[in-house]
Amino acid sequence: MGSNEDVMISVKPGVTGGSFMVRGTAVLTNVPANITVTPVNDGSVFVGANATSSSSRHVFNLGTLQVHRLVCLFRFKIWWMIPCFGTSGGDIPAETQMLLLEVENKFYVLILPVLDGQFRTSLQGTPDNELEFCIESGDPDVQTTKIKEPVFVNSGNNPFKLIRNSIKILEKHKGTFKHIDNKQKPEHIDWFGWNTWDAFYCNVDPEGIKDGLESFSKGGCPPKLLTIDEGWQNIFPSYEENPTGELSRLINLEENTKFKGSKLDKSGKNLRDFIKTIKQKYGLKYVYIWHAMAGYWGGVLPESEVMKKYNPKIQPVVQSPGNLTHVVCSTLDNIQEKGIGLIDPSKIRDFYHDFHSYQASCGVDGVKVDVQSVLELLGAGYGGRVSLTKSYLGALEDSVTETFKSNNLICSMSLNTDFLYSTKKAAAARATEDFMPNEPTFQTLHVAAAAFNSLLIGEIIVPDWDMFYSDHITAEFHGAARALSGSAVYVSDKPGSHDFDIIKKLVLHDGSILRARYAGRPTRDCLFNDPVTDGKSLLKIWNLNKLSGVIGVFNCQRAGIWPPIKGSIYMPAPGSGIPISGIVSAGDVDALEEVAGENWRGHCAVYACLSGSLKTMLKDAKFQVALEHLKCEVFTVSPIWAFSEDLRFAPIGLLDMYNSGGAVEAMDSENKSSECKIKVRIRGCGRFGAYSNKRPKCCSMNEKDEEFIYNPIDGLVTVKVEGEYSSREMVFVY
């Protein structure tokens, strides 16, 4: 990808003889004459077009696309995105927001539809294998005849570096958003959490929350983050008065009667007293609270005396034709019929400031803000969908950082590019549709979608892979996925319904988690294979820790179909059916060299968490894994360090954690003529393991001698780490 990827591109992409050429290869043919190309940086360009008439929505033909393996990310609902796989333009659905091509097994081409001024872009294919891009403002009064920078095109030899560098080029060029490296990450992502949604849904109340916190504490795994999800607000019609599901609107900024007065029992008189009580009793570090981008699902009630100061009005919604080609979410039915009580964009800063100030006064530390993509339906009269999103999102981001004194914001139902390319501060957002514990066909799709979506969104925010049940038939599947996702880890267990064996593979004694460094993404050899419906492919997800890599392997086949639709046929029960085999290599950790050290010779120690086996191999060596339906395995890949001519060592980490290597903070050594000391700094307690090609003379921890077990067959050194130190140094002497 140009100089960004150690390959100089002498000829920029462009149209020659009716073909769009990249690195001398025709990626698109039959390119129309109205297509324009504008160079950006190194080998990247913007592709635009000219129209013969002015409109708020245009669809332009880019040319014919075929005979390339491709993966794209498209919105199957207004809120959510999933992958799609194919080989030609006809395989690309409407509302595609990222397209990655593998060109003749030589290099990769990335095509990103982005924002250009007041217009938002998406890609779509036709039955004739044409690739089209659609621009739309969402406001009939915002029109254009030409668009210069709606589609970004870049190429490279490494797909992960290509996407990363492309987002950084766009960040600098567009100036409308920031890369995740340039954002303050929210505090909650490194701590175990509990979200109330799947435990109670809208029936959440103080008694249920206390019961849940009590049962977690009795099990030895008290959460450090509590998110009080939907169900706490004052709305009309109220939760109790609305059995038919009428569209409710927010009537004031305070909590409803469930969180006030006598219903709080001994926890005080209001939300403030309740939060103070549970923080003190259960050791919570953070309490987040839910609200919708527009206040509530139906916005705010214009007739409310409290809301009148924000100049709200009922705004009709207008869906994009692209959205209507896919699953139309049932939650939009009432909104479509009755509109949204929309706060005047000139007053939205005042609303968020007042709303969050009240929450902060109650002891709330951050917010989960849902239903964000609804803004794209409301742009008429406000300069369009992009302008309205920027007004609301900018106000939200500023209010959170100013009011809560930290970037404690979780964005949800926000997977449109209006959000992604407008967020300058928001650093955590949901990566996929809800966990949905009662939908057996959604479970594998959830994990696969989160991994593929993270290819794009992981460069802009920390992807949030959502809550799950620890006591569920798919708990280990979800738990292992969360461990290597690089995201927050939180459950939504009902009080008393927990599997603490699962939780303790994710959470340390102090409530922190072993979060990997980046967003978990499919390995390179999985990018163009459908891990859900092709009947033969395993899903492999990779990530990095400070001194090791991690690979999760998942059998997502035979569970459901894309897109996730309720009632799709659920084939076998977990663990049944013929196992599916796949190939795993230490080299599946794409950036392993980052943590390997200067003298690395390419050898790795590979530890399988669930089977407990250790093997050593060269980075490019391969081994086979066979998994039954809804089964998984997690491999810690630790580069083997050479500390002398005859001493090889690799720290693995806490052997009973899914992401074992996340416990290793640093490693150093002291070499003398008579001995060598290897010092490993670790977090947490439990069974610590390392590979060593010879038995250590002794082992100490915090200068105290420790017993250890050495297995000369596989070279595994095991030390039992006890106590509640947050960090400690372990020394192996040779």
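Along the sequence shown, the residues carry numbers beginning at 1.
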Do S122 and F133 pass the side-chain contact (heavy atoms from CB on, under 4.5 Å) test, and can you show the C-alpha distance, the side-chain angles, and the key distance before you say yes or no?
CA-CA 6 Å; S122 62; F133 72 89; over 6 Å; no
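- For an aromatic pair to be called close, the ring centres must be under 6.0 Å apart, and F74 with H326 satisfies this.
- Between the side chains of D530 and W562, at least one donor N or O sits under 3.5 Å from an acceptor N or O.
- Between R120 and E376 there is no salt bridge, since none of the side-chain N atoms of the basic residue sits less than 4.0 Å from a carboxylate O of the acidic one.
- With 3.5 Å as the limit, one finds no donor-acceptor pair spanning the side chains of D534 and N529.
- By the 6.0 Å and 45° rule, K174 stacks over the aromatic ring of F46.
- A side-chain donor-acceptor contact under 3.5 Å links E397 and T423.
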Do N30 and T64 pass the side-chain hydrogen bond (donor to acceptor under 3.5 Å, both in side chains) test, and can you show the C-alpha distance, the side-chain angles, and the key distance before you say yes or no?
CA-CA 6 Å; N30 304 316; T64 304; 3.2 Å; yes
Could you go through Y352 and V400, starting from their C-alpha distance and side-chain angles, then the distance that decides it, and tell me whether this counts as side-chain contact (heavy atoms from CB on, under 4.5 Å)?
CA-CA 8 Å; Y352 286 145; V400 167; over 6 Å; no
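- Checked for salt-bridge contact, D434 and R430 meet the test: a charged N lies under 4.0 Å from a carboxylate O.
- No close placement of the H58 and F119 rings is indicated, their centers lying 6.0 Å or farther apart.
- Under 3.5 Å, the side chains of S373 and K77 contain no donor-acceptor pair of N or O atoms.
- Listed by chain and residue number, I180, I189, V462, R515 satisfy the side chain to side chain contact (heavy atoms under 4.5 Å, CB included) test with K185 (two or more places apart in sequence, or in another chain).
- Inter-residue side-chain proximity for T432 and F442 is flagged as unmet; no heavy-atom pair is nearer than 4.5 Å.
- A salt bridge is defined here as a Lys NZ or Arg NE, NH1 or NH2 lying under 4.0 Å from an Asp or Glu carboxylate O, and R482 with D466 fails to meet this definition.
- A salt bridge links D525 with K540: the distance from a Lys NZ or Arg NE/NH1/NH2 to an Asp or Glu carboxylate oxygen falls below 4.0 Å.
- Salt bridge annotation for R164-D181: present, with a cationic side-chain nitrogen under 4.0 angstrom from a carboxylate oxygen.
- Considering NZ of K148 and OG1 of T36, their distance stands at 8.5 Å, rounded to 0.5 Å.
- Residues T523 and D588 bring no donor and acceptor atom of their side chains to less than 3.5 Å of each other.
- For E593, the side chain to side chain contact (heavy atoms under 4.5 Å, CB included) criterion is met by W600, K619, not counting sequence neighbours.
- Counting only heavy atoms from C-beta outward, the side chains of N182 and E171 approach each other to under 4.5 Å.
- One distance of note links CD1 of I461 with OG of S454; it measures 7.0 Å at 0.5 Å rounding.
- Remark: E459 engages R521 in a salt bridge, criterion side-chain N to carboxylate O under 4.0 Å.
- Between R385 and E136 a salt bridge is recorded (basic side-chain N to carboxylate O distance below 4.0 Å).
- Partners of F452 under the ring pair (Phe, Tyr, Trp, His ring centres under 6.0 Å) rule, at least two apart in sequence or in another chain, are F85.
- Looking at I163, D590, N165 one by one, the single match for side chain to side chain contact (heavy atoms under 4.5 Å, CB included) with N158 turns out to be D590.
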Take C411 and L409 through the test side-chain contact (heavy atoms from CB on, under 4.5 Å) and record every step on the way to the result.
CA-CA 6 Å; C411 296; L409 169 63; 3.9 Å; yes
